[in-house]
Amino acid sequence: MTTINEGTANGIGAELTHEEIFAAHEGGKLTAAVTAPLDSARDLSIAYTPGVAQVSRAIASDPSLADRYTWTQRLVAVVSDGSAVLGLGDIGPKASLPVMEGKSALFKTFAGLDSIPLVLDTKDVDEIVETLVRLRPSFGAVNLEDISAPRCFELERRVTEALDCPVMHDDQHGTAVVALAALRNAARVAGRELESLRVVISGAGAAGVACAKILHTAGVGEIVVLDSRGVISADRDGLTPIKQELTEFTNPRGISGGPAEAMRGADVFIGVSMGQVPEEHVALMAKDCIVFALSNPDPEIHPDVAGKYASVVATGRSDFPNQINNVLAFPGIFKGSLDVGARRITDGMKVAAAEAIAAVAADDLSADYIVPSPLDPRVAPEVSAAVSKAARAEGVATA
């Protein structure tokens, strides 16, 4: 029997066997359920012909009725090209499908939203945009998933511009929303204010860029971003347009160099880069610092080592305290957006989601509890309500 050690926290057994994993995926993890009765000839006449023609005629006269009389308004398309799947990299669309099915299952379980995986056999941004534009009548929102940087930035922007519905690249914004929620509560545990924090983000890919942007929006005092060449600064040559944009609101002191220079005296380290951080660099940080080592399966620094210096430590893993898990964010964000017919997902809606996640854990805060469990039933409803409220306040709601 082949096993995978996944720890014992949060109800996960000490060992997952390959046999049970493959058995659970056999035949896929999704099915389509029928909501209308089909037990008699009358039922058939209502659900299909001739009765269905009346509904089609009504929608032809008033296309907005499709939201009421089809599943479109509650259907999320989970879209991937398979180019950046989990920690597996570019494994292609077919191999990405089990992950996309899993994402759809999470939408249904945590938000009650129907969802369909769409894996596309192209990496061409133009082709993906055109495909989604042509499919737009069939869904109500788009969750972009596991698409490699830097294409993911252009793709999200263009799909958002092309479609009049909620669009979010979860690898960017799901991580960023939960990281902001966790940082708010970690700062409270440490007796600090966001505005006073010096934050270092290791990684300038999808998650790193989104984390930098949402922390800036939330008012974090100072943000420094590292890529594989070191600190991103305005005087560095060869920056991509995305990294050039980062220089407009990060690294205000003009730090240069590598991780050691960036982390010296920093209050917070957020790792989303897969790159390992030596213990001596963490030792350079401010007293009682905060460390979020979020890469999976191997955090940038082991939580036990980080704990020698940090007052609060978080990872992306379920077998350590304080798991930064996207499932805390995306089900409620999409449900809240669809509940009010939002035309898009704004920065304000993402910040509202982060504040709602943080609030769920606020009454029981400790160094080992800065975000709720992904299984906490309070999370998705609270996030959904906060996102709906923010959508109305920002004028993007239509219902």
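What you see is a predicted model, and the numbers here were worked out from it, not measured in a lab.
Scanning both residues, Ala206 and Phe153, for their nearest heavy atoms gives CA-CZ, 3.7 Å. Asn296 approaches Gly316 most closely through the heavy-atom pair ND2-O, 3.0 Å. The shortest non-hydrogen separation linking Ala24 to Lys29 is O-CG, 4.2 Å. Across all their heavy atoms, Pro166 and Ser337 have their closest contact at CG-CB, 3.7 Å.
When each of Arg317, Gln276, Glu300 is checked for a side-chain hydrogen bond (donor to acceptor under 3.5 Å, both in side chains) with Ser295, only Glu300 meets the rule. If you run side chain to side chain contact (heavy atoms under 4.5 Å, CB included) between Ser104 and each of Thr109, Leu30, Asp114, Leu113, only Leu30 comes through.
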Side-chain atoms of residues 83-96: list all donor-acceptor pairs with protein atoms under 3.5 Å, sequence neighbours left out, distances to 0.1 Å.
unit_1, atom_1, unit_2, atom_2, d
Ser83, OG, Asp81, OD1, 2.6
Ser83, OG, Asp81, OD2, 3.4
Ser83, OG, Ser148, N, 2.8
Ser83, OG, Ser148, OG, 3.4
Ser83, OG, Arg151, NH2, 2.9
Asp90, OD2, Lys123, NZ, 3.4
Ser96, OG, Pro93, O, 2.7

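Pairs passing the ring-ring contact (aromatic ring centres under 6.0 Å, His included) check and including a residue from residues 262-309, sequence neighbours excluded, read His302-Phe320.
For Glu156 (side chain) and Met168 (main-chain N/O), no donor-acceptor pair under 3.5 Å exists by modelled atom type.
Residues Ile357 and Glu382 have side chains not in contact (no heavy-atom distance under 4.5 Å, counting atoms from C-beta outward).
Salt bridge Asp339/Arg74: present, at least one basic N to carboxylate O contact under 4.0 Å. Classification of Asp347 and Lys213 as a salt-bridged pair fails, no side-chain N sitting under 4.0 Å from a carboxylate O. In this structure, Arg136 pairs ionically with Asp164, as a charged nitrogen and a carboxylate oxygen lie closer than 4.0 Å. The residues Lys287 and Asp267 are annotated as not salt-bridged, no charged nitrogen and carboxylate oxygen being separated by less than 4.0 angstrom.
In Glu279, the CD atom is crowded: over 12 heavy atoms of neighbouring residues, nucleotides or ligands sit closer than 6.0 Å.
Ring-centre distance between Phe107 and Phe330: below the 6.0 Å cut-off.
Going from atom CG of Asp170 over to atom CD1 of Ile333 covers 7.5 Å, rounded to the nearest 0.5 Å.
The same ILVMFWY cluster, assembled from side-chain heavy atoms under 4.5 Å apart, contains both Val225 and Ile242.
The hydrophobic cluster around Ile147 extends to Trp71, Leu75, Val79, Ile116, Leu118, Leu120, Val125, Ile128, Val129, Leu132, Val133, Leu135, Phe139, Val142, Leu144, Leu155, Val159, Leu163, Val167, counting ILVMFWY residues whose side-chain heavy atoms fall within less than 4.5 Å of a member.
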Stepwise salt bridge (Lys or Arg N to Asp or Glu O under 4.0 Å) test for Asp288 and Arg192: CA-CA 11 Å; Asp288 296 326; Arg192 303 289 300 276; over 6 Å; no

